[in-house]
Amino acid sequence: MMNRNEKQLIDAYGRRIDYLRISLTDKCNLRCRYCMPKEGISPLRHEEVLTLEEIHRVARLLTELGIRKIRITGGEPLVRRNSMELIRRLSELPEQPELVMTTNGVLLEEHLEELAKRGLRKINISLDTCDRDTYRELTGKDALDRVNAAIDRALSMGFLVKVNAVLVRGINEKDAEALAGLAKDRNLTVRFIELMPMGCAGGLSGVPGDLLLQRLEGTYGEATPVSVELQESGEGKTAAGRTEESCGMKGTERTEVTGMPEETGDGSGKENRKTISSEGSAEGTGNGPARYVRFPGFRSPVGFINPLSHQFCRDCNRIRLTVDGRLKLCLFYPDGLDLREPLRSGCTDEEIKEMIRGIILLKPERHEFVRGAAEEEKNMVQIGG
């Protein structure tokens with residue numbers, strides 16, 4: 001049990017919860033097929049959406065309880081009116097949490113100057129293909145040039161940029177090599193994230209991280225695990241002693257997941273893959289669940305986030321605030337704490353903090369995607385990516 005005088009949120013499994021993802025909106029200017037249904041979603045009514053003042057209050061209370069990193073996300077966060085004002089206010093919180101953002105990049109270039117002024121220097125850009133036609137097919141919009149321009153501008157301004165890519169079989173899996181190649185000559189980290197079978201993504205099939213690594217090695221050569229301090233420098237140190245163990249076999253919880261077929265690179269049907277662990281090894285890591293490698297001749301690392309094939313729940317340190325005010329503990333489960341009602345019914349700061357302390361103790365030990373699609377029925381765009 002947490003000492004209420006300590007600035008820490010500790011769950012029932014001893015995990016320190018210090019990372020908050022805030023969804024500013026469930027609206028998006030793209031229609032990515034694994035995130036939003038083709039027909040769209042039923043929009044929240046105006047009164048169902050947290051105001052920016054309410055979001056700021058929750059963020060303030062959570063930083064007072066021990067949150068040290070806040071990620072601004074959506075939907076697409078930059079489509080929300082006055083999002084820059086909220087970022088300004090978050091940057092002035094007394095506890096000075098680290099501020100970062102995830103965006104699709106379409107509107108990013110015009111906001112870079114303001115973000116830099118507010119001290120937000122780390123941006124994750126969701127980009128699932130380098131091919132214009134595939135981008136249009138996947139997102140429903142011809143905006144790849146705008147995203148590329150935003151990436152170039154952000155790099156020139158000194159932002160630390162990561163490209164996050166989700167590969168979907170039959171749509172963009174062919175683009176893996178080109179996406180990884182973005183890290184070859186630039187100070188730009190590329191990370192591949194396994195598809196989460198949630199909402200409209202439940203009927204799609206992703207590419208397991210281990211299979212992807214083997215495939216990329218066939219193109220770029222044998223990868224070396226790296227210990228990456230990405231948040232500070234964007235560069236990485238080569239880990240000593242490249243062994244199967246240092247690639248992650250030791251201490252890994254290997255899981256077989258519906259929708260993640262077991263394939264091999266040689267077509268033999270036998271297990272013939274290296275693995276990149278998402279927990280257990282101190283090598284090949286940054287400060288989160290991604291595990292990084294460097295291919296021969298590459299300036300920057302390539303990362304793998306494998307929540308399905310290599311579960312990293314035992315180190316989970318995050319919670320999510322949805323746009324309608326739910327403090328969400330785990331992507332798989334619909335459970336959480338409704339903060340909108342206490343925010344609007346006159347509850348004091350201490351009363352809300354006590355509610356938060358209580359719900360943190362109910363954070364699940366692990367997700368159960370091994371059983372199939374999530375119990376959470378909402379789409380990622382409604383939860384916050």
Problem - Stepwise side chain to side chain contact (heavy atoms under 4.5 Å, CB included) test for Asp324 and Val49 - result: CA-CA 5 Å; Asp324 58 352; Val49 175; over 6 Å; no
Handout entry: Ile10/Ile360 under side chain to side chain contact (heavy atoms under 4.5 Å, CB included): CA gap, chis, key distance, verdict
Key = CA-CA 7 Å; Ile10 308 294; Ile360 291 298; over 6 Å; no
Problem - Step-by-step salt bridge (charged side-chain N to carboxylate O under 4.0 Å, His left out) determination, Arg326 to Asp338 - result: CA-CA 5 Å; Arg326 190 162 49 118; Asp338 174 19; over 6 Å; no
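At least one side-chain heavy atom of Arg132 sits less than 4.5 Å from a side-chain heavy atom of Asp145. Annotation: side chain of Arg169 is not in contact with side chain of Leu195 (no heavy-atom distance under 4.5 Å). In this structure, Val161 and Ile125 have side chains that are in contact, with non-hydrogen atoms separated by less than 4.5 Å. Taking the side chain as every heavy atom from C-beta outward, Leu339 and Leu321 approach each other to under 4.5 Å. Counting only heavy atoms from C-beta outward, the side chains of Asn306 and Pro208 never approach each other to under 4.5 Å. For the pair Ile356/Leu65, a side-chain contact is recorded, criterion being any heavy-atom separation below 4.5 Å from C-beta on. Counting only heavy atoms from C-beta outward, the side chains of Ile55 and Leu24 approach each other to under 4.5 Å. For the pair Lys328/Arg318, no side-chain contact is recorded, criterion being any heavy-atom separation below 4.5 Å from C-beta on.
To the nearest 0.5 Å, the span separating OG1 on Thr139 from CG on Asn104 amounts to 8.5 Å. To the nearest 0.5 Å, atoms CG (Leu212) and CZ (Phe304) are separated by 5.0 Å. Between the CD1 atom in Ile319 and the CG atom in Leu329 there is a gap of 7.5 Å [rounded to 0.5 Å]. Taken to the nearest 0.5 Å, the CD1 atom of Ile22 stands 9.5 Å off from the CG atom of Leu50.
Looking at Arg357 and Glu354, a side-chain N of the basic residue comes within less than 4.0 Å of a carboxylate O on the acidic one, giving a salt bridge. Here Glu64 pairs with Arg60 in a salt bridge; the nearest charged N to carboxylate O distance falls below 4.0 Å. Salt-bridge check for Arg88 with Glu114: failed, with every basic side-chain N at 4.0 Å or more from each acidic carboxylate O. Salt-bridge annotation for Asp185 and Arg299: absent, with no side-chain N of the basic residue lying under 4.0 Å from a carboxylate O of the acidic one. Between Arg16 and Asp11 no salt bridge is recorded (no basic side-chain N to carboxylate O distance below 4.0 Å). Between Arg15 and Asp315 there is no salt bridge, since none of the side-chain N atoms of the basic residue sits less than 4.0 Å from a carboxylate O of the acidic one. Ion pair Glu48/Arg340 not flagged as a salt bridge, since none of the NZ, NE, NH1 or NH2 atoms sits closer than 4.0 Å to an Asp/Glu carboxylate oxygen. At a threshold of 4.0 Å, the pair Glu95-Lys7 counts as salt-bridged, since one of the basic side-chain nitrogens sits closer than that to a carboxylate oxygen.
Judged by distance alone, the side chains of Asn317 and Asp18 do bring a donor and an acceptor atom under 3.5 Å apart. Using a 3.5 Å distance cut-off with no hydrogens or angles, the side chains of Asp131 and Thr129 do not pair a donor with an acceptor. If you check the side chains of Tyr19 and Arg68, you find no donor sitting under 3.5 Å from an acceptor.
Cluster membership for Ile72 and Leu30, using ILVMFWY side-chain heavy atoms within less than 4.5 angstrom, is shared. Side-chain heavy atoms closer than 4.5 Å link hydrophobic residues (I, L, V, M, F, W, Y) into clusters, and following such links, possibly through other members, connects Leu362 to Val58. Hydrophobic cluster membership is shared by Ile123 and Met157, with clusters built from Ile, Leu, Val, Met, Phe, Trp and Tyr side chains linked at under 4.5 angstrom. At a threshold of 4.5 Å between side-chain heavy atoms, the hydrophobic network of Ile, Leu, Val, Met, Phe, Trp and Tyr places Leu160 and Val100 in two separate groups.
Counting heavy atoms of neighbouring residues, nucleotides and ligands inside a 6.0 Å radius, atom CD of Gln96 does not exceed 12 of them. For CZ of Arg153, the number of neighbouring non-hydrogen atoms (other residues, nucleotides, ligands) closer than 6.0 Å is 12 at most. The number of heavy atoms from other shown groups lying within 6.0 Å of NZ (Lys174) is above 12.
Annotation for Glu222 and Pro296: closest pair O-CD, 3.3 Å, computed over non-hydrogen atoms. Pairing each heavy atom of Ile17 with each of Cys316, the nearest pair is CD1-O, 3.8 Å. Closest approach of Phe159 to Lys122, counting heavy atoms only: CD2-N, 4.4 Å. Summarising the geometry of Leu188 relative to Ser300, their closest heavy-atom pair is N-OG, 3.2 Å, with the distance given to 0.1 Å. Closest non-hydrogen pair, Pro97 versus Lys69, comes out as CB-N, 4.4 Å.
The closest donor-acceptor contact from the side chain of Arg31 to the backbone of Cys28 lies under 3.5 Å.
Classified by interplanar angle (parallel below 30°, tilted 30° to 60°, perpendicular above 60°), the ring pair Phe298/Tyr220 is perpendicular.
For the side chain to side chain donor-acceptor pair (under 3.5 Å) with Glu76, the lone residue among Thr25, Asn29, Thr102, Thr103 that qualifies is Thr103.
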